[in-house]
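Structure record follows, encoded as structure tokens.
Below, read A as the first sequence line, B as the second, and so on, with proteins coming before strands; counting in each chain starts at 1.
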2 protein chains.
Amino acid sequence: MKRMKIRRDACPVTKTAALLSDVHTMLITREILTGPKRFCELERSIEGISTRTLAAKLKKMEHDDILRKTKDGIYAATKKGAALRIVERAMRRYGELYL
Amino acid sequence: MKRMKIRRDACPVTKTAALLSDVHTMLITREILTGPKRFCELERSIEGISTRTLAAKLKKMEHDDILRKTKDGIYAATKKGAALRIVERAMRRYGELYL
DNA sequence: CGGGATCCAAAAAGATACTG
DNA sequence: CAGTATCTTTTTGGATCCCG
């Protein structure tokens, strides 16, 4: 994973993921958990991700059954993806308390 | 993060981290949460990590105040590191339920 | 414009040999 | 044991181009 610069005031989830994770997958998850999104929305809301990486991650996440792409090009969490909320919640809480 | 082969019977935390994270930092955390460990113990218990990567991650984690190295070369979680238990727990639970 | 695919340079990870 | 040095392989991000 490449070192990423994180602002002190960034979302706690961002910070936690930067601390211990493949930032992008977790951030895509965070976005998807707030509702279905299209490519360009994800691209805009995930600061610093390249289209190439976003496309690659989405493909992998689709393959892993975390999200599904509808015919109209919208990405939505699957059941398995939605369940990641428990992890996202723990990360958010940790970030809020310690970062 | 490199694609990692995960056995179906691997620890659920391993699977969750492979799914969404910088696997190594999370796995080092998991080990450290069970008590202080030395370099070679970590190397043995984290399947597939190279000494180079382990050394690099430990350095980064020490810098991030997740763990501390004692004079006798033992790595132990800091307070901030120990608190990652909430994340580890969520990941374990998710892995148990969905992977 | 949305949704990528391609090419390229740089960074990170892997294997492994080697040292204090 | 606890790493470091070195070399190779992967992955990433940036820019660019393509196609409906």
Minimum heavy-atom distance B:G81-A:Y94, with the two atoms named: N-OH, 4.4 Å
Would you check if A:L27 and A:I49 make a side-chain contact, meaning some heavy-atom pair closer than 4.5 Å? no
[X] [atom1] to [N] [atom2], straight-line distance once rounded to whole Å:
X     : N      : atom1 : atom2 : result
A:L67 : C:dG3  : CG    : C1'   : 15 Å
B:K60 : D:dG3  : NZ    : P     : 18 Å
A:K37 : C:dG3  : NZ    : C1'   : 18 Å
B:Y75 : D:dA2  : OH    : C1'   : 7 Å
B:L58 : D:dT4  : CG    : P     : 10 Å
B:I49 : C:dA15 : CD1   : P     : 11 Å
A:K57 : D:dT11 : NZ    : P     : 9 Å
A:K69 : C:dG4  : NZ    : C1'   : 8 Å

Of B:S50 and A:R52, whose nearest nucleotide on DNA chain C comes first from the 5' end? A:R52
Can you find an N or O donor on one side and an acceptor on the other, under 3.5 Å apart, linking the side chain of B:T51 with the base of D:dT4? yes
[X] has a side chain; which of [options] sits nearest to it?
X     : options              : result
B:H24 : D:dT4, C:dG14, D:dG3 : C:dG14
B:R38 : D:dC1, C:dG3, D:dT12 : D:dC1
B:A55 : C:dG4, D:dG3, D:dC1  : D:dG3

Could you give me the CA-CA distance, side-chain angles and deciding distance for B:I28 and B:I66, then say whether side-chain contact (heavy atoms from CB on, under 4.5 Å) is met? CA-CA 10 Å; B:I28 294 168; B:I66 304 268; over 6 Å; no
Test side-chain hydrogen bond (donor to acceptor under 3.5 Å, both in side chains), reference B:T34, set B:R30, B:E31, B:K37, output is B:K37
Basic-acidic side-chain contact under 4.0 Å: B:E88, B:R92: yes
Result for 5'-nearest mapping on DNA chain D, choosing between B:K59 and B:R44, is B:R44
